[in-house]
Every structure is written in C-alpha cells, then in structure tokens.
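Note that ligands are numbered from 1 as they come in the structure, with each ligand's atoms numbered from 1 the same way.
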Amino acid sequence: MKILVTGFDPFDGEMMNPSMEAVKRLPKIINGAKVETLELPTVFQVAAKQCRDAILDRQVDAVLCVGQAGGRDGITLERVAINLDDARIPDNMGQQPLDSIIQADGPAAYFSTLPIKAMVQAIQEVGIPASISNTAGTFVCNHIMYQTLYMAAHEFPHLKAGFMHIPFMTEQVVDKPGQPAMDLAHMTKGLEAALHALVDYYDKEDLQISGGKEF
Ligand code: PCA
C-alpha cells in the first residue's frame, strides 16, 4: 500500500509551515505502507493540479493532505470539505477568490473517506490532543480536500482521501502571546500515529466513537 502525504509551503507572512516540517520528518515506511511526500504551494488550483499529478505518477492508494490551522490547540482530522473558495487573505500567488464555487458540477460537500475516528484515537493514544473538526475553512486547505475528493469520485475510485490540520509550532508563537502551539516532534509523532491507524482501518469500517469537541 502507498500513501501520499502532502504539506504546504509557508503563507500569511510565516517563515515556516509546520505541516511540511512534520511531513518531511516522517519515516519512509509506516505500518508496512510506503509513505510518499510532497510539498504543495498555498495556491488555489495549482495545489490541486500538483496533487493530481502526484496521485497519477505515484499510483497511491490514499492521500492525506496536512495544513496549518493557527489558533487551534490540537491536531484535527477534518470531516468535511465544502464546494466553496472564500479567501480571507490572498494565496501565495495573490489570488483571493470570494464566494466562488470550486466545481460547478460537484456536490455541496464531500465527507472524508479516511478512518478519521480511528486516526483521532490513535493520536490520543500516543498522548497528543486530537479531535474531529467539522470545518476545514474556505481557504486553500478546504480547496485541496474538496478537489482531491472530487478527483477520487471522478477519476480514482479506489482512492481514499482526507485532510488533517495541525496547530502553529512553538517557534511560530514566540511573537504571538496567547496563541496555542505544539512542538514539531509531537506533531510528527501524532501524524505518524494517524497514518498507522489509516493503514489498519483502510479496508475496515471506521470506529464508532465520539471524536469531536464541538456540539
Ligand atoms: N493552511 C491553510 C492553507 C495552507 C495551510 O497550511 C488553510 O488552512 O487553508
């Protein structure tokens, strides 16, 4: 089995993006699965095209895209991606779509096809805070999750796909008093635990446990 794990380049004036830093530090094999990694630009459409090229070139069975969600205090597995781009800030190419449908013939939303509850539980079991999130926002992270699930629905029926948001890493909040952060080693360990569970549950029903922290 082969899993593509992507991270993003830095955006919004940051020097680093913890998603790519964590992805770079993953082992090459997790729970018997080959781990392929890729850095995506924080750019609408371009990120989706590069992700599609990698899915085709590397013939992967699953894709987990990872991104930074500054302000969150734990690792979150996203449940849903919506068919909308609505950018608070310009992306890394200066594009700022507003209230823009991603795919005219696509559904309003796609649910993650990854075993998100099992992944949350696996992260918690290694001692790292994790929960399900019910919004991936409306910036490039929601965009890539929606686009990847759209590709899976239209071109790659075997492919399972989903998204994980991780907090700022500690170095990023030195100048942001009061903002939550996690150290990179913990985020990498949590990501690895989640991928371990992805392999265990790839062909199984996800766990039916409570995984959210919102009402
Ligand atoms: N986070 C952004 C895009 C890139 C990233 O790491 C987001 O949450 O949309």
Number the atoms of ligand 1 from 1 as they appear, then name those within less than 4.0 Å of a heavy atom of [X], with their elements.
| X | result |
| --- | --- |
| Gly67 | 6 (O) |
| Asn17 | 5 (C), 6 (O) |
| Gln68 | 1 (N), 2 (C), 5 (C), 6 (O), 8 (O) |
| Phe139 | 2 (C), 3 (C), 7 (C), 9 (O) |
| Phe11 | 1 (N), 2 (C), 4 (C), 5 (C), 6 (O) |
| Thr42 | 3 (C), 4 (C) |

Worksheet entry | Ion pair Glu171/Lys176, N-O distance below 4.0 Å |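 Lys176 and Glu171: not salt-bridged.
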
Worksheet item: Strictly by modelled atom types, are Gln50 and Glu39 linked by a side-chain donor-acceptor pair under 3.5 Å?
Response: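 The criterion, which ignores hydrogens and geometry beyond distance, is not satisfied for Glu39 and Gln50.
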
Worksheet item: Would you say the side chains of Ser133 and Glu78 form a donor-acceptor pair under 3.5 Å?
Response: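 Yes, Glu78 and Ser133 have a side-chain donor paired with an acceptor closer than 3.5 Å.
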
Item to complete: List the steps, then state whether salt bridge (Lys or Arg N to Asp or Glu O under 4.0 Å) holds for Asp12 with Arg88.
Response: CA-CA 10 Å; Asp12 201 14; Arg88 176 183 61 83; 3.5 Å; yes

Worksheet item: If you measure from each heavy atom of His165 to ligand 1, is any distance below 4.0 Å?
Response: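 Yes, His165 has heavy atoms under 4.0 Å from ligand 1.
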
Worksheet item: Given Tyr146, which of Phe163, Phe139, Tyr110 fulfils the ring pair (Phe, Tyr, Trp, His ring centres under 6.0 Å) condition?
Response: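 That would be Tyr110; it is the only one of Phe163, Phe139, Tyr110 passing the ring pair (Phe, Tyr, Trp, His ring centres under 6.0 Å) with Tyr146.
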
Fill in: Ile3 and Val199: CA distance, side-chain angles, deciding distance, side chain to side chain contact (heavy atoms under 4.5 Å, CB included) verdict
CA-CA 9 Å; Ile3 308 172; Val199 177; 3.8 Å; yes

Practice prompt. Distance to 0.1 Å, residue and atom name: give those for the protein heavy atom nearest to atom 3 (C) of ligand 1.
Written response: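 Of every protein heavy atom, Cys141 SG, 3.2 Å lies nearest to atom 3 (C) of ligand 1.
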
